[in-house]
Participant: 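I'd like to ask you about the structure that follows.
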Amino acid sequence: MKFGTKTVHAGVSPDPTTGAIMTPIYQTSTYVQASPGDHKGYEYSRTHNPTRNALEQSLAALENGKHGICFASGLAATDSLIKLLKPGDEVVSCNDLYGGTYRIFTKVFAPLGIKFRFVDMADASSVEKYITPNTRMIWVETPTNPLMNVIDIQAVSEISKVHNCLFVVDNTFASPYLQNPLNLGADVVLHSLTKYINGHSDVVMGAVILNDDELDQQIRFLQNSCGGVPGPQDSFLTLRGIKTLHLRMQRHAENGAKIAHFLNDHPAIERVYWPGLESHPNHEVAKKQMRDFGGMISFTLKDDRMETAIKVLSSTHLFSLAESLGGVESLINHPASMTHGSIPREERLKIGLKDTLIRLSVGIEDVEDLIEDLVKAIEG
Ligand SMILES: *Cc1c(COP(=O)(O)O)cnc(C)c1O
């Protein structure tokens with residue numbers, strides 16, 4: 001089945017009791033049993049819920065995986081994955097990360113004895129140097145947030161296999177429309193469904209998708225034992241969002257390309273960070289592993305003063321100044337003070353994240369209007 005057919009049909013089937021074509025919102029915490037232990041596969045909604053199950057199956061299909069497991073947020077999914085480890089274990093992570101991921105690694109799990117090494121993975125072979133006998137997991141986000149670096153998933157997966165590590169790819173920025181890490185050798189794909197997959201900025205949710213049956217059981221055990229599960233209403237909304245994922249992503253990518261080229265040609269712009277540009281340092285890897293380049297773009301202005309960046313950030317009208325990304329509406333963001341404020345300034349500067357960097361999440365509006373909005377903000 002092709003991608004656009006899966007978004008509409010995978011995981012869902014008419015409701016067995018009424019024939020309702022849309023998966024009902026099973027707004028229930030418990031399920032009646034005929035006699036103790038004699039039930040229809042559902043006992044309690046932390047463990048199983050039919051609306052959530054349909055979503056989990058849909059997500060597994062979109063990532064070409066066998067199992068999908070949903071969580072109350074992307075970070076709840078991250079939390080469960082790191083709980084697979086024990087004190088003394090080590091994680092090699094890319095160094096340009098979603099701020100909340102960096103925070104849970106360094107502020108929650110490092111004090112519990114798990115060691116994180118943050119590595120520039122632009123050259124995948126550099127990962128090898130940081131692997132020790134205690135390394136259990138390799139963590140990659142690609143494209144990275146907010147510098148839009150692209151990491152070679154297949155090359156890292158080969159290193160991961162040699163050293164028997166669990167290889168996790170946070171695929172939030174690309175979405176399964178643009179790339180499928182399991183097909184490139186990843187063991188686990190993580191998503192903040194909050195972003196492109198739900199796509200309407202009205203739900204916070206996360207998921208992991210994987211193939212291994214034993215690992216599925218371990219993570220389901222954590223999902224049920226720690227309890228960070230999404231509710232049926234949000235599961236329904238995400239299922240509904242998924243039905244147009246392919247159409248939205250196509251438009252995000254088309255608009256993204258036009259805006260990236262517009263910025264790249266604009267005399268006031270210093271640098272554009274977008275993997276579709278031929279000048280992008282990892283453009284060849286992006287072309288190899290992604291089907292298109294998406295609508296996430298960062299840029300800096302030649303006028304490097306903070307007040308100039310702040311003026312641009314505050315004067316767009318269609319691009320709303322807000323955290324998050326991947327919704328139908330365009331957003332503009334200041335990583336240094338917003339999404340990446342939890343990363344210390346010296347760490348940000350070390351990886352090249354300037355205080356004046358501006359990040360766009362290009363929506364699905366008419367691109368002429370979006371460009372006009374940016375022209376006015378940049379030219380004043
Ligand atoms: C938003 C985000 C997360 C965290 O997801 P939440 O749903 O906000 O908890 C993780 N990774 C990336 C790349 C994100 O953009």
Side-chain angles (χ1 to χ4, degrees), residues 46 69-121 126-142 144-147 149 151 156 159-160 163-172 186-192 194 204-208 210 215 218-230 323-324 335-353 355:
R46 175 166 21 77
I69 311 171
C70 285
F71 292 90
S73 68
L75 281 175
T78 301
D79 177 62
S80 277
L81 288 178
I82 304 300
K83 282 177 180 158
L84 294 167
L85 307 177
K86 57 183 190 325
D89 286 351
E90 296 183 8
V91 179
V92 174
S93 165
C94 62
N95 65 352
D96 181 26
L97 271 183
Y98 175 67
T101 307
Y102 182 83
R103 183 175 56 204
I104 193 173
F105 285 179
T106 57
K107 296 269 172 41
V108 179
F109 285 110
L112 296 177
I114 294 164
K115 185 164 179 179
F116 296 88
R117 292 164 195 269
F118 297 98
V119 176
D120 177 356
M121 298 189 183
S126 63
V127 173
E128 192 104 44
K129 301 201 278 288
Y130 297 89
I131 294 183
T132 76
N134 296 327
T135 308
R136 297 278 173 271
M137 187 180 275
I138 299 180
W139 190 285
V140 160
E141 212 179 288
T142 180
T144 65
N145 180 4
L147 294 173
N149 292 316
I151 297 168
V156 176
I159 295 169
S160 176
H163 296 278
N164 221 352
C165 299
L166 191 67
F167 179 29
V168 180
V169 175
D170 181 339
N171 202 28
T172 301
D187 299 306
V188 179
V189 169
L190 179 137
H191 277 288
S192 168
T194 315
V204 172
M205 204 190 291
V208 298
L210 65 157
L215 189 60
Q218 287 171 15
I219 299 172
R220 271 186 206 285
F221 172 81
L222 290 166
Q223 180 197 37
N224 186 46
S225 302
C226 303
V229 292
E323 301 203 3
S324 200
S337 71
M338 296 167 71
T339 44
H340 292 67
S342 51
I343 301 176
R345 181 163 189 267
E346 62 274 21
E347 295 299 321
R348 293 198 308 260
L349 294 178
K350 232 189 273 172
I351 63 167
L353 200 181
D355 287 341

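If you read the sequence from its start, that first residue is 1, and numbering goes on from there. Treat the numbers as computed from the prediction; the structure is a model and nothing was measured.
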Participant: Just how far is it from atom SG of Cys226 to atom CG of Asp79, taken to the nearest 0.5 Å?
Facilitator: 6.5 Å
Participant: Keeping the roles fixed (side chain from Thr135, backbone from Thr132), state whether a donor-acceptor pair exists under 3.5 Å.
Facilitator: yes
Participant: Which value, rounded to the nearest 0.5 Å, describes the distance between Ile343 atom CD1 and Ile351 atom CD1?
Facilitator: 6.0 Å
Participant: CG/Leu147 to CG/Asp96 distance, rounded to the nearest 0.5 angstrom?
Facilitator: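 Reported value, rounded in 0.5 Å steps: 4.0 Å.
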Participant: Report the relative orientation of the aromatic rings in His340 and Tyr98; use parallel for angles under 30°, tilted for 30 to 60°, perpendicular for over 60°.
Facilitator: perpendicular
Participant: Measure from the side-chain N and O atoms of Thr172 to the backbone N and O of Ser192, and report whether any donor-acceptor pair falls under 3.5 Å.
Facilitator: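 Side chain of Thr172 to backbone of Ser192: a pair is present.
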Participant: Do the two ring centres, one from Trp139 and one from Phe105, sit under 6.0 Å apart?
Facilitator: yes
Participant: Can you spot which of Asp89, Leu166, Val188 makes a side-chain contact (heavy atoms from CB on, under 4.5 Å) with Met137?
Facilitator: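 Only match with Met137 under side-chain contact (heavy atoms from CB on, under 4.5 Å): Leu166.
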Participant: Which of these passes side chain to side chain donor-acceptor pair (under 3.5 Å) with Glu90: Arg136, Arg117, Lys115?
Facilitator: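 Only one of Arg136, Arg117, Lys115 forms a side chain to side chain donor-acceptor pair (under 3.5 Å) with Glu90, namely Arg117.
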Participant: Can you see which heavy atom on Arg220 is nearest to which on Ile69, and at what distance?
Facilitator: NH2-CG1, 3.7 Å
Participant: Compare every heavy atom of Thr194 with every heavy atom of Val204, then report the nearest pair and how far apart it is.
Facilitator: CA-OG1, 3.4 Å
Participant: Hey, does Ile131 have a side-chain heavy atom less than 4.5 Å from the side chain of Ile138?
Facilitator: yes
Participant: Hey, what do you get for OG1 (Thr78) to CG (Asp170), rounding to the nearest 0.5 Å?
Facilitator: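 Reported value, rounded in 0.5 Å steps: 6.5 Å.
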Participant: Gln223 side chain to Val229 main-chain N or O, any donor-acceptor pair under 3.5 Å?
Facilitator: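 Here the side-chain-to-backbone pair does not exist.
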Participant: Would you check if Asp355 and Arg345 make a side-chain contact, meaning some heavy-atom pair closer than 4.5 Å?
Facilitator: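 Of all side-chain heavy-atom pairs linking Arg345 with Asp355, at least one is under 4.5 Å.
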Participant: Walk me through whether Ser126 and Asp120 qualify under side-chain contact (heavy atoms from CB on, under 4.5 Å).
Facilitator: CA-CA 8 Å; Ser126 63; Asp120 177 356; 5.7 Å; no
Participant: What is the distance from atom OH of Tyr102 to atom CZ of Arg348, rounded to the nearest 0.5 Å?
Facilitator: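 Result: 10.5 Å between the selected atoms.
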Participant: Identify the two heavy atoms, one from Cys94 and one from Phe118, that lie closest to each other, and give their separation to 0.1 Å.
Facilitator: O-CD2, 3.7 Å
Participant: Could you tell me which non-hydrogen atom of Val208 sits nearest to which non-hydrogen atom of Phe71, and how far apart they are?
Facilitator: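 Answer, listing the atom of Val208 first, then Phe71: CG2-CE1, 4.1 Å.
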Participant: Tell me, with the steps shown, if Leu215 and Leu84 meet side-chain contact (heavy atoms from CB on, under 4.5 Å).
Facilitator: CA-CA 9 Å; Leu215 189 60; Leu84 294 167; 3.9 Å; yes
Participant: With the side chain counted from C-beta on, respond yes when Pro146 and Thr339 share a heavy-atom pair under 4.5 Å apart, and no when they do not.
Facilitator: no
Participant: Output yes when a side-chain donor or acceptor of Ser160 lies under 3.5 Å from a complementary backbone atom of Val156, and no otherwise.
Facilitator: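 Side chain of Ser160 to backbone of Val156, a donor-acceptor pair under 3.5 Å: no, none is there.
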Participant: Quick one: pull up CZ in Phe109 and CG in Leu85 and give me the separation to the nearest 0.5 Å.
Facilitator: 8.5 Å
Participant: Just by distance, with hydrogens left out, do Glu141 and Thr101 show a side-chain donor and acceptor under 3.5 Å apart?
Facilitator: no
Participant: So, for Asp187 and Leu210, which heavy atoms are closest and what is the spacing to 0.1 Å?
Facilitator: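 Scanning both residues, the minimum pair turns out to be O-CB, 3.4 Å.
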Participant: Please give me the minimum heavy-atom distance between Tyr130 and Val92, naming the atom from each residue.
Facilitator: O-CG2, 3.6 Å
